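Have a look at the structure below before the remarks.
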Amino acid sequence: MARIMISPGRYVQGNGAIRLIGEEVKRLGSRVLVVGDRIALPLVREAAAKSFEKSGVTAQYETFGGECSMEEIDRLKDLAEAAGTEVVVGVGGGKTLDTAKAVAHFAGLPVVVAPTIASTDAPCSALSVIYTPEGVFERYLVLPRNPDLVLVDTGIVAKAPVRLLVSGMGDALATWFEADASARSYARNLPGGNSTEAALSLARLCYELLIEHGLRAKLAVEKGAVTEDVEKIVEANTLLSGLGFESGGLAAAHSVHNGLTALEETHHYYHGEKVAFGTVVQLVLENRSNEELEEVLSFCQSVGLPVTLRQIGITDASPEKIRRVAESSCAEGETIFNMPFPVTAEMVYDAILAADRIGEQYLA
Ligand SMILES: [Zn+2]
């Protein structure tokens, strides 16, 4: 199988980076439709408008309807076409960005993605998750290319609730372990090839940055401050984790996350928080060394990521519930089958119970 790696066309990150949006977007076109959610749009609108004006870019602003559904995508696509849009710009969180990517794809236009939080590794990817208008998962829309530009203003990210940055670290924590497992089993990555040495190195670097700078970044963001630590963690959460998961591959941690969503009580917890616990489960499944497990547990405890079932809302962990989680983790098509050994629901059930017990012992 060939080695394949994909990435966004350009990545711009920095404190005040939103002020560069005009000159950055200008490379792609001079009539833009800016789609932003209710929280994000007011945060960037003034600075973005000034920047567009300075660069001679005409901008039209539209508030995102709230759900990344085909209905909303079609509405925005019609709007873009009627306005003679040359570039679609998405501003906000995951669903807004996924919608902008899909609108640009269906309208045949370039897309710029400007995340205002660093809570997942979705911004850089060539993927949109489509929901029904009621918010039920519908399907993955695999896009033919990654965003043309990803622009992250760390000054804005640092003002968002700290729990979002920490969740992004949870999502990023899984990246190295899943890429490593996928490489050892020669599993297909998202673009359908084997991983490159580059993708593996980026995934490894992502992990090292979390261990070195994670806690310090969290403390800085608690004060709304942008430091070098924050820059490194925003890059780890957004760029390195994004490239690492997409071109490295996913494995057990994300499947356990998906399994956990079968339980209603986990719904109040963020994606990255459930992925963090899923990572501990993967480490147990793999029988990783004490040193590796200890490093992950200590990191999670220091930044406040969950390592037990109780910490993701499962206070009554009955065998039936855990079996349901284990079974949906092993549903057909799940990335858990990218592990370098055969995995059964029984093994996952045992690994969840053991990981939870190890987590409880560690916190005691
Ligand atoms: Zn994820």
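Whatever order the structure lists ligands and atoms in, that order sets their numbers, starting from 1. Quick caveat, the model's predicted, so the values are computed rather than measured. Along the sequence shown, residues carry numbers from 1.
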Identity of the N, O or S atom of Asp171 lying closest to the Zn ion (ligand 1): OD1
Nearest-0.5 Å distance, OH of residue Tyr349 to CD of residue Glu327: 10.5 Å
Which N, O or S atom of His254 lies nearest to the Zn ion (ligand 1), by name: NE2
N, O or S atom within His271 nearest to the Zn ion (ligand 1), by name: NE2
Flag, side chain of Glu72 to backbone of Pro133, donor-acceptor distance under 3.5 Å: no
Point-to-point distance, once rounded to the nearest 0.5 Å, from NZ of Lys218 to CZ of Arg163: 11.5 Å
Face-on cation placement of Lys95 at Phe64 ring, 6.0 Å and 45° thresholds: no
